[in-house]
Amino acid sequence: MRELSTAFAGVVRALTTRAAAEQGGLLSGQDPTAVNLNDPLRLWIVQLGVIVMTTQLLALGLRKIRQPKVIAEVIGGILLGPTAFGRIPGFTEHIFPQASRPFLSLVANIGLCLFLFLVGLEIDAQVIKRNARLSVTVALAGMVLPFGLGAGLAVPLYHEFIDQSVKFTNFMLFTGVAYSITAFPVLCRILTELKLLDTTVGIVVLSAGVGNDIIGWTLLALSVALVNAGSGLMALWILLVCVGWTLFLLFVVRRILYWVARKTGSIRDGPSMFFMTVVILLLFGSAFFTDIIGVHAIFGAFLAGIIVPREGGLAIALTEKLEDMVSIIFLPLYFTLSGLSTDLGLLNNGITWAYTIAICALAYFGKFGGCTAAARWAGFTWREAGAIGSLMSCKGLVELIVLNVGLSAGILSQRVFSMFVLEALLLTFLTTPAVTVFYPPHLRVRAGPGGDPDWRAQKETPEDATSASETAKRSQGDDDSKKTRFTVILDKIEHLPGMLSLTQLILPSPPPYSDTDPRSVTSGSTVDAYKDGASPEPVSTPMSLDAIRLIELSDRTSAVMKSSNIDSLTASDPLLDIFTTFGALHGVDVSTSLSIVPFDDLGASAAERATRRESQLILVPWFPPHVSIDIGHANMTHANATASGFGGHGGGAMPTPRLSSIQNPFEAMFRATAAGAEERDGPLIHAQFVRGLFAAAKTDVALFVDRHTPGTSGKGAGMGAAMGRAGRYRLFVPFFGGPDDRLALDFAVQLCANPKISATVVRVTKAEDAADAETRVQSESPTEKNEAVNTATVASVFPDTVYGNATTQTRLQSETADNIAWTKYTRNDEAALAPALARITFLEASTAKPLHHVVDEATRMCDPHASPGVSAPRLLVLAGRSRRMAVENHHAELKALIEEHGGIVNAVKRTVGDVATALVVAGCEANLIVFQAALPSD
């Protein structure tokens with residue numbers, strides 16, 4: 001039963017009885033897959049390659065249907081075993097020969113100890129303490145009922161399939177434990193991927209899962225002790241020694257380990273080399289002790305993980321040190337060994353399938369029924385209770401570990417083992433779809449502050465939501481175009497200077513200055529009274545900022561651990577801390593949040609947060625231009641390759657970023673296109689995120705493209721540098737029409753309330769000739785239609801926003817709205833808008849090449865010699881994205897511009913729209929804000 005010790009002894013025997021050393025190799029005609037006890041590494045590498053490639057390929061497909069990676073590992077092990085590939089003549093004899101099993105088993109069991117250590121690191125007793133009131137009932141019901149059903153089913157299974165030399169008590173214990181266990185690591189990942197960790201259901205399930213896991217491993221230790229004991233008295237001695245070792249670790253070693261962590265600075269600065277050495281020795285020392293006393297080694301490793309200090313994120317840092325090797329190499333090896341023992345071909349008759357169905361049905365409904373009933377009794381709705389029962393039914397790899405322990409002990413037969421493996425696989429597979437059906441996103445209830453799962457105070461009726469929305473609208477006055485509630489997206493430190501500068505612009509205007517430079521062409525109105533800079537005291541409008549930090553949820557265990565500790569991470573995150581301090585210095589209310597979700601859900605998560613906070617405008621940054629990629633020299637920087645900080649999409653260490661003189665923030669994308677780089681490269685990944693946000697947002701969105709280059713000033717300097725030049729800005733708004741352009745115009749007027757900001761708004765219309773008129777009637781070229789259809793196949797899984805069908809009715813409605821907006825600001829005599837309008841110059845232009853006209857105007861305004869003096873204001877272009885309900889289709893002219901100035905990837909055009917793309921292609925050095933207005937709700 002001492003599996004780790006037995007595997008080690010088997011390796012020693014194999015090495016001590018080996019033949020004479022062989023000097024030949026592949027070139028001398030030797031088979032590299034032949035068993036060679038002198039050099040077992042050769043075959044082990046072959047086995048590792050086959051296992052890892054098989055599981056990774058399966059994981060790629062299962063990830064599309066949101067199934068955890070453990071499903072792929074289990075299926076991969078089964079396929080490599082006698083069920084599938086093992087039936088190929090010679091496969092098992094060459095790839096997994098019996099003589100090589102001791103080496104494979106030793107590595108797999110070492111990995112299993114490391115994995116159980118990580119499981120112990122994941123468990124936080126504080127989670128149980130905070131939510132014991134609701135979770136204890138669910139945890140107990142999820143243990144007692146399944147254990148009883150498993151014990152009852154053990155009777156017929158024992159008489160039908162188990163050798164009578166096996167004690168029935170031992171078989172019953174293993175069956176009951178297998179039924180009652182919940183896979184806590186897999187449960188954490190499912191909760192994180194479904195974004196349930198901050199809901200009442202997620203918190204209760206997480207707490208119940210922790211308690212269930214601890215009780216389950218204790219029962220497993222008890223079962224192993226009873227199996228290894230020759231008599232009842234010996235079993236008692238084993239249990240007492242195990243309990244004594246547990247208490248020694250919890251109350252003595254734990255304090256010593258905490259002292260070592262403090263003395264080595266590991267709590268403050270992360271685990272030191274000495275602390276890591278102590279922990280690894282403790283891990284295997286505890287595993288060795290529990291193994292030699294008659295309890296499985298994994299229980300000792302699990303205890304070692306529990307006693308590691310949690311202060312300062314030390315447990316998460318330790319997990320980051322170990323998790324990659326465990327998840328990539330060790331666990332797949334273990335599951336392959338399990339698969340080699342699983343032969344679904346043994347399920348070859350009616351009685352076997354009848355028992356298999358009974359095992360699956362009782363296992364699911366025992367766990368589901370017990371937890372659902374307990375949750376309903378605690379006050380949850382039937383849907384919430386059903387979601388709790390479905391989540392607690394997750395088996396995953398924990399039950400497989402229990403089953404393998406039973407198989408190695410001779411308690412389970414090969415046939416019964418295969419039955420239970422199929423049950424564990426099926427129940428794990430059903431968890432995600434069942435939860436999605438029971439608890440869809442629109443029914444989810446968020447937990448209270450501090451993770452309080454008291455849902456009764458959190459529920460909100462549609463009437464309450466409507467009332468709150470109406471109250472918020474009344475609080476901002478009659479002017480609906482005035483933005484007072486903003487959501488700011490942060491993901492990398494490089495974005496912070498630009499986002500702080502942009503936020504500075506939208507803050508309430510300071511007291512008026514006499515040296516402002518108002519600009520207006522309007523005369524004979526109230527605006528004339530402010531041409532001399534004598535502005536009245538501005539009216540302060542309450543403003544709130546909501547900063548959200550986005551981190552990609554990777555396959556790593558540490559990412560899941562971070563997800564379950566979001567409150568502490570939010571409080572200590574440096575980006576959020578800086579932004580909060582910035583808001584406090586300016587007297588603005590700043591709320592913060594941190595979201596760890598899969599990459600495909602990053603945009604939707606930000607959009608959902610903005611909707612929940614009733615934000616009026618989402619501010620999202622483009623990645624900074626000063627860190628570039630050089631595909632030609634295979635030197636991709638970390639900032640771009642990790643998609644602007646979204647958790648390192650794609651994984652792997654990247655070269656150190658190098659500074660570049662690139663001023664075009666999209667030049668990296670140009671280089672990627674010229675070198676034939678894939679669309680999944682860094683900048684394009686960020687473009688996918690932005691497009692996903694545009695597609696999911698139910699509120700207005702502003703994409704800020706900053707030309708910030710650290711250490712520069714003057715020409716080419718970003719907004720941060722411009723702040724040093726008296727903080728003066730000049731806005732340029734090319735107004736073509738449509739909801740996005742109207743949003744840009746409204747925002748420009750709002751910004752110009754600041755005395756240091758002036759603007760030029762040009763209403764551009766296309767002067768058409770006969771050839772152009774025919775093209776305009778069609779309103780959308782076939783190329784553009786095909787481009788929209790093919791959007792999902794080019795570098796994105798997100799639905800794109802495309803031009804709508806331009807009918808006569810929609811065109812008239814859009815032109816009417818454009819005229820109203822234009823008239824509102826060019827002929828407005830309201831005193832409230834007069835100070836801002838006095839700083840805006842309104843012009844009109846009719847040209848056959850509107851994009852060329854916009855580019856020429858923006859280039860002229862960027863010229864530092866156009867405005868005398870060293871304090872010339874920095875230019876900021878406000879443009880509509882116009883990817884839907886657009887008035888003009890610039891496809892033909894943009895194509896000509898691209899041919900004139902150089903190529904550009906389609907992702908740029910799809911992300912920022914035609915006008916911004918024209919400015920980028922032409923090399924305009926102005927900062928850009930690209931707007932997308934929210935579509936009216938049906």
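The figures that follow rest on heavy atoms only: side chains count, while hydrogens, waters and symmetry mates do not.
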task = Report yes if some heavy atom in the side chain of Leu48 is under 4.5 Å from a heavy atom in the side chain of Val107; otherwise report no.
result = no

query = Any side-chain heavy-atom pair from Trp245 and Ile293 closer than 4.5 angstrom?
reply = no

task = Before giving the answer on side chain to side chain contact (heavy atoms under 4.5 Å, CB included), spell out for Phe429 and Ile65 the whole-Å C-alpha distance, their side-chain angles and the decisive distance to 0.1 Å.
result = CA-CA 10 Å; Phe429 189 88; Ile65 55 177; 4.0 Å; yes

Shortest non-hydrogen contact from Leu346 toward Ser418 = CD1-OG, 4.5 Å

key: Atom pair CG (Asp343) and CZ (Phe417), whose distance is rounded to the nearest 0.5 Å   = 11.5 Å

query = Within a strict 4.5 Å, meaning less than it, do heavy atoms of the Phe284 and Ile280 side chains meet?
reply = yes

ask   = Is the backbone N or O of Ile95 less than 3.5 Å from a side-chain atom of Gln47, with the two atoms forming a donor-acceptor pair by type?
value = yes

task = Would you indicate whether the side-chain heavy atoms of Leu60 and Arg63 approach each other to under 4.5 Å?
result = yes

task = Report the distance from atom CD of Gln688 to atom CG of Leu602, rounding to the nearest 0.5 Å.
result = 11.0 Å

remark   = Taking every heavy atom of Leu121 against every heavy atom of Gly305, the minimum-distance pair comes out as CD2-O, 3.5 Å

ask   = Are any of the side-chain heavy atoms of Glu73 and Ile51 separated by less than 4.5 Å?
value = no

note = Taken to the nearest 0.5 Å, the spacing of Leu79 CG from Ile75 CD1 works out to 7.0 Å

query = With distance as the sole test, does Tyr355 use its side chain to make a donor-acceptor pair with the main-chain N or O of Val416 at under 3.5 Å?
reply = no

query = Atom CG in Leu106, atom CH2 in Trp44: separation rounded to 0.5 Å?
reply = 10.5 Å

ask   = When rounded to the nearest 0.5 angstrom, what is the spacing between CD1 in Ile411 and CG in Leu403?
value = 12.5 Å

message = Would the distance check show the side chain of Asp291 and the main-chain N or O of Ala287 forming a donor-acceptor pair, the cut-off being under 3.5 Å?
response = no

remark   = Across all chains, not counting sequence neighbours, the side chain to side chain donor-acceptor pair (under 3.5 Å) partners of Arg310 are none

ask   = Quick check: does any side chain N or O of Thr431 sit under 3.5 Å from a backbone N or O of Leu427, one acting as donor and the other as acceptor?
value = yes

remark   = For Gly300 and Thr290, the nearest pair of non-hydrogen atoms, with its separation, is N-OG1, 3.3 Å

query = Checking Ser286 side chain against Leu283 main chain: does a donor-acceptor pair fall under 3.5 Å?
reply = no

request  = Please check if the side chain of Thr432 supplies one atom and the backbone of Gln67 the other of a donor-acceptor pair under 3.5 Å.
outcome  = no

query = Distance-only, no hydrogens or angles: does the Thr356 side chain make a donor-acceptor pair with backbone N or O of Met419 under 3.5 Å?
reply = no

request  = With rounding to the nearest 0.5 Å, note down the distance linking CD1 in Ile181 to CG in Leu219.
outcome  = 7.5 Å

task = Apply side chain to side chain contact (heavy atoms under 4.5 Å, CB included) to the pair Cys394 and Ile190, showing each step before the final yes or no.
result = CA-CA 9 Å; Cys394 179; Ile190 292 175; 4.0 Å; yes

inquiry  = Less than 4.5 Å apart, side chain to side chain, heavy atoms only: is that true for Leu220 and Val224?
reply    = yes

request  = Kindly give the heavy-atom pair with the smallest separation between Gly76 and Thr54, and that separation in Å.
outcome  = CA-CG2, 4.1 Å

request  = Evaluate the side chain to side chain contact (heavy atoms under 4.5 Å, CB included) criterion for residues Phe161 and Leu412: first the C-alpha distance (whole Å), next the side-chain angles of each, then the deciding distance (0.1 Å), finally the verdict.
outcome  = CA-CA 9 Å; Phe161 300 107; Leu412 303 178; over 6 Å; no

remark   = Looking only at heavy atoms, the pair that brings Ala72 and Thr55 closest together is CB-O, 3.7 Å

task = Take Thr428 and Glu399, measure what side chain to side chain contact (heavy atoms under 4.5 Å, CB included) needs, and give me the verdict at the end.
result = CA-CA 10 Å; Thr428 306; Glu399 182 176 357; over 6 Å; no

query = Closest approach of Val405 and Ser408, non-hydrogen atoms and distance?
reply = O-OG, 2.9 Å

message = Treating Ser413 as the side-chain partner and Ile162 as the backbone partner, does any N or O pair qualify as donor plus acceptor under 3.5 Å?
response = no

message = Are Leu340 and Arg101 packed together at the side-chain level, in the sense that at least one heavy-atom pair is separated by less than 4.5 angstrom?
response = yes

query = Aromatic rings Phe420 and Tyr179: how do their planes relate, parallel, tilted or perpendicular, breaks at 30° and 60°?
reply = perpendicular

query = Can Thr352 and Asn348 be said to form a side chain to side chain donor-acceptor pair (under 3.5 Å), step by step?
reply = CA-CA 7 Å; Thr352 303; Asn348 54 4; 4.8 Å; no

query = Are Tyr334 and Phe115 close enough that some pair of their side-chain heavy atoms sits under 4.5 Å apart?
reply = no

query = Hey, does the side chain of Thr83 reach the backbone of Thr342 with a donor-acceptor pair shorter than 3.5 angstrom?
reply = yes

query = Between Lys395 (side chain) and Leu425 (backbone), is there a donor-acceptor pair under 3.5 Å?
reply = no

